[in-house]
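Please read the structure below before turning to the comments.
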Amino acid sequence: MNGGRVFVLHIALQGCLRATDVEYGITADTGGHIRYLLDLVAASGRNPAIDRMEIVTRAFHHVAYAECYAEPVETIDGTTRIVRLLSASDAYLVKEELWTEHDSLVEALVAHIATLDRAPDVMHAHYADAGLIAARVSARTGIPYVFTAHSLGRVKLAAFDRDCAETAGLDRRIAIEEEAIAGAAAIIASSRDEAEVQYADYAAYDPGRIRVFAPGSDLKQFANCATDAHVDALINRFLDDPDKPVILAIARPVTKKNLAALVHAYGRSPALQAAANLVILAGTRDDSTTLEPEIRDNIAELLQLIDRYDLYGKVAYPKQHRPDDIAAVYAHARTRRGVFVNPALNEPFGLTLLEAAASGLPVVATDSGGPNDIVETCGNGILVDPRSPSAITDAILGILDDPALWSRYSAAGSVAIRAYDWDRHVQLYVGLLEEVVRPPEVVERDPALLLVSDIDGTLIGCAQGVDAFAAWRAAQTDVAFAIATGRSFHSAMAVLGQHDAPRPEILITSVGSEIYYRAVQGAVYDRDTEWDGIIAAGWDRDAVAALVGRYAGLTPQSPLEQRRFKLSYFADGDMAAAERVRALLAEHGHSCSIIQSHGRYLDILPHAASKGTAVEHVRRRLGLEPRQVIVAGDSGNDIEMLRSSRHAIIVGNYSDGLGSRADLAHGYVAIGHHARGVIEGVAYFREAAKFEPVRRRVS
Ligand code: GLC
Ligand code: MG
């Protein structure tokens, strides 16, 4: 590092990479990852923490492609240049063939680094093959690397039948990815789904090393767009009453996008048909019988459903549109106070939802995959089970019938533009790189005090409160700071990052069913597998899920909320649900921890798991006395933890009756709300001498 600044060497080997006028689509591999990389590099250049960058790619000659792809160096600006290394072959190679160049590329990169006046502080590998090169070069040079997969072979494999042609080579790609994952100092993912589901089946999967940083997205064009006569005509010629609100879907007509479910929902609901028209932009076509089979069959199914439900005059399905019509299509729907629907069976990221958000169009989106992050971050709509047409209908009607809700979701678009921003991304990214390059010392290995705080409604809830907490926490050098939350590890880390909350040393996540410790190396977290073993005893997840699934009245939360040791449901307003579920499970011989909170959530955990038991486990592992622990919470899922701790802070904005419970009478009910209540409570326990910090042990 140069005066604390970072030199990043990116490795990206696929496609035709150049600094300007990228020829997207010129080859199958000249796609989104190049856009991501160039946007990341541009934003990194604007951040003072990064003072130098190189993008290393492969040089090739090809009569059909420009000569620039053979140029050894292309300067972007004073900070950044592209370096094209010669490997064994100088031909253009598709990504499936890049493995033939692994050895020569490793040698070329090691040699290149040796020629530099200053060694890179960190490498950032993009996509599988670059990850493997980084792993091998890192082993030779000692330079750490971070990895961004962009897309994963295992996800592809799951999307196709095992034997079809497209899976050829995927096994090799997955093996390459395993090597890339195993050696990475940290992995950057774009969504919780990627971090928690898409990576999960890799042998080298280590959740504590993955961080979710939302990518930037060029959304301004959507925010400022109006509909135009061309787009209005494209849509209106199908419709009897073109002024009605529009239910809009934009997706390629492949089975995974599940557009048929939306037509079923619409076709079965007279209320929906009365309230709105349905507009489906499913790619473009001339003669649909000549399309590739999956697309042809999906188009045929849509047309057949429109006919079966006799939806003529109510559904528009334009054959053709231009790419630059899309923004106006969103605007067309927004002008009519419509709703955007993405019913995909799984949506890895969900760019259309961001575009809809930026356009000011509320969304109803699949609860499987990336939309979780988008809807949580932006607050622009409702998640639904894509397999349930009635859930889709209810959600759409709920928005169309409630003008205030529509307006709230519509206004949330501005949040999307701020959150999915490259400069914001780079702020978080730089924090990670600095920790990888210069691991911070984790000072609180032997703390005088352990402070455990819930996140939602406790630490987070007021922006000034979080800022005050961050400043306060920095001064508490004898305190280890832990989080105990209902959120998953990646959801917790992401929300803490978004709110600029201090990084915890310990995370107790998924309502106490998982525990992570910040590694001595600082950037990453280690999972407490001992805790997994303790709580696994007697937990029969499948049997419990099956029993509760048959029990009417509980709606499962999204697939992402279902963890190995946590099954989560909505039990809206049904305050007796916990008791009934407990009785049902007991009847079948299952003893579980059942936790209800905010009058809304119901979590089922192994018997031994709760925030309270997890805090106790952490306390013992840290070798602390019970009097050295302070916990803070606001709602039902904190009760266990507040009850079992001597020093319990109940923040002023508590819910679920916490302030008046007899079993929490020992707690301190703060006047301050959220993080301010936590600061106030710690001061109370320190000053009231109810808490005596023991002196730090001298080791
Ligand atoms: C968080 C989790 C959810 C859980 C709730 C209450 O919101 O995401 O799954 O039910 O906390 O514990
Ligand atoms: Mg809470």
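Source: prediction; values computed, not measured. When a ligand or atom number is given, it counts from 1 through the structure's own listing order.
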Considering the heavy atoms of [X], write down every atom of ligand 1 situated less than 4.0 Å from one of them.
| X | result |
| --- | --- |
| N637 | 6 (C), 12 (O) |
| S568 | 9 (O), 10 (O) |
| V511 | 12 (O) |
| S597 | 6 (C), 12 (O) |

Does NZ or CZ of R621 fall inside the cone over Y517's six-membered ring, less than 6.0 Å from its centre and within 45° of the axis? yes
Checking R154 against Y202: charged group under 6.0 Å from the ring centre and within 45 degrees of the axis? yes
Could R676 and E680 be called an ion pair, given the rule that one side-chain N must be under 4.0 Å from one carboxylate O? no
Salt bridge flag under 4.0 Å for residues D206 and R209: yes
Would you say the side-chain atoms of H673 and D634 include a donor-acceptor pair closer than 3.5 Å? no
Which residue holds the protein heavy atom closest to [atom], what is that atom called, and what is the gap in Å?
| atom | result |
| --- | --- |
| atom 3 (C) of ligand 1 | Q557 OE1, 3.2 Å |
| atom 1 (C) of ligand 1 | G486 C, 3.6 Å |
| atom 7 (O) of ligand 1 | Y601 CZ, 4.1 Å |
| atom 8 (O) of ligand 1 | E561 OE1, 2.9 Å |

If you consider just the N/O/S atoms, which atom of D634 is the closest one to the Mg ion (ligand 2)? OD1
Decide whether an N or O pair under 3.5 Å exists between R487 and ligand 1. no
Do K566 and ligand 1 have an N or O pair less than 3.5 Å apart? yes
Is it the case that the side chain of [X] and the backbone of [Y] share a donor-acceptor pair, with hydrogens and angles ignored and the cut-off at 3.5 Å?
| X | Y | result |
| --- | --- | --- |
| Y429 | I188 | no |
| T613 | A608 | yes |
| Q628 | L449 | no |

Name the orientation class of the two ring planes belonging to F349 and Y420 (parallel below 30°, tilted from 30 to 60°, perpendicular beyond 60°). perpendicular
H598 and ligand 1 - part of the residue with a heavy-atom distance under 4.0 Å: neither
Selection from D456, L560, D603 by shortest heavy-atom distance to atom 10 (O) of ligand 1: D603
Angle, O of D456 through the Mg ion (ligand 2) to OD2 of D454 - 10° precision: 80°
